[in-house]
Each structure stands twice: as structure tokens, then as C-alpha cells.
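One structure below.
Quick note: residue numbers are just sequence positions, from 1. All values below were derived from every heavy atom in this structure, side-chain atoms included, with hydrogens, water molecules and symmetry-related copies excluded.
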Amino acid sequence: KLLRWILPFLLIAMLVSSGLLWSQPLYRIALLGQLAFYLWAALGFLFRRRMQQVRFGLLGYYLLAIHLAFLVGLIKYLFAREGGTWQRVS
């Protein structure tokens, strides 16, 4: 469960560190692999209807969407000035 909470930060750290260490072949491969994953996720978002026919076609999109949703929720929680309260809907 802990990995789900820290994975978005690890992905950001990996992207930044691989970009800074571009001159070394291992980090160049890591950066290109991560950029390919983000491209796969972007294509999954753009072509959602067509990609439903492809096995694992939307997996990258779903994984990235989950991590982005967590980051947005965390930022809203940390910097929100108003308290969130539940209201019963009839």
C-alpha cells in the first residue's frame, strides 16, 4: 500500500534524474523508456475508443491517470483553505 502513495514521486524523481544524467547510457535508456511509457499513455488517452480493442492498450493511460489523480488530490488536500464536508443527498 505504501508503494501506491510514493510511486508518483518516484516516477517524477526518475524522470528528472534520468534527464540530468543523459550522458550516461543506462540513464539514457531509462529516460527513453519512461518517455515511451508516457507517449503510450497519451495515445491511450487520445484514442480511448479505438484502443479498447487492443489488449493492454489502455494500461499505460490508466496507470498514469491513477497517479495524476493521487497527486491532484494530495495537492488539494495540502493547500485547501476550506474544509470539505459531506452533505446528504435525498
Side-chain angles (χ1 to χ4, degrees):
K1 288 187 177 185
L2 180 65
L3 189 59
R4 282 185 282 174
W5 288 62
I6 63 172
L7 192 60
F9 301 108
L10 294 176
L11 288 174
I12 293 169
M14 185 175 134
L15 183 67
V16 171
S17 64
S18 296
L20 292 175
L21 297 169
W22 173 259
S23 61
Q24 298 181 15
L26 177 66
Y27 295 103
R28 187 177 303 153
I29 292 170
L31 179 65
L32 292 175
Q34 194 171 8
L35 291 176
F37 175 76
Y38 292 142
L39 177 64
W40 177 31
L43 290 174
F45 173 72
L46 293 174
F47 301 109
R48 286 185 299 268
R49 301 284 182 235
R50 293 183 191 170
M51 294 287 274
Q52 288 178 350
Q53 315 306 330
V54 179
R55 186 176 182 146
F56 303 116
L58 293 173
L59 183 65
Y61 166 61
Y62 289 142
L63 290 174
L64 193 60
I66 289 169
H67 296 309
L68 286 176
F70 171 75
L71 287 176
V72 168
L74 181 66
I75 290 170
K76 283 185 177 184
Y77 172 75
L78 292 176
F79 297 109
R81 299 193 189 272
E82 59 196 46
T85 57
W86 290 93
Q87 296 180 0
R88 183 173 293 271
V89 176
S90 55

I need the minimum non-hydrogen distance between H67 and L11, along with the two atoms involved.
CD2-CD1, 4.0 Å
Taken to the nearest 0.5 Å, the spacing of L3 CG from L10 CG works out to 7.0 Å
Please tell me whether L63 and L46 are part of a single hydrophobic cluster in this structure, the criterion being side-chain heavy atoms less than 4.5 Å apart.
yes
Co-membership, hydrophobic cluster, residues I29 and L35, 4.5 Å side-chain
no
Could you state whether L74 and V72 fall into the same hydrophobic cluster, counting links through intermediate Ile, Leu, Val, Met, Phe, Trp or Tyr residues with side-chain heavy atoms under 4.5 angstrom apart?
no
side-chain contact (heavy atoms from CB on, under 4.5 Å) with L71: which residues, sequence neighbours excluded?
P8, F9, I12
S17 side chain to M14 main-chain N or O, any donor-acceptor pair under 3.5 Å?
yes
Please say yes or no: joined through hydrophobic side-chain contacts below 4.5 Å, possibly via intermediate residues, are L39 and I66 part of one cluster?
no
Summary of ring pair (Phe, Tyr, Trp, His ring centres under 6.0 Å) pairs that have at least one residue in residues 12-39, sequence neighbours excluded:
F37-W40
Among all residues two or more places apart in sequence or in another chain, which pass the side-chain contact (heavy atoms from CB on, under 4.5 Å) test with L68?
L64
Exercise: identify the closest heavy-atom pair between L31 and S18
CB-CB, 3.7 Å
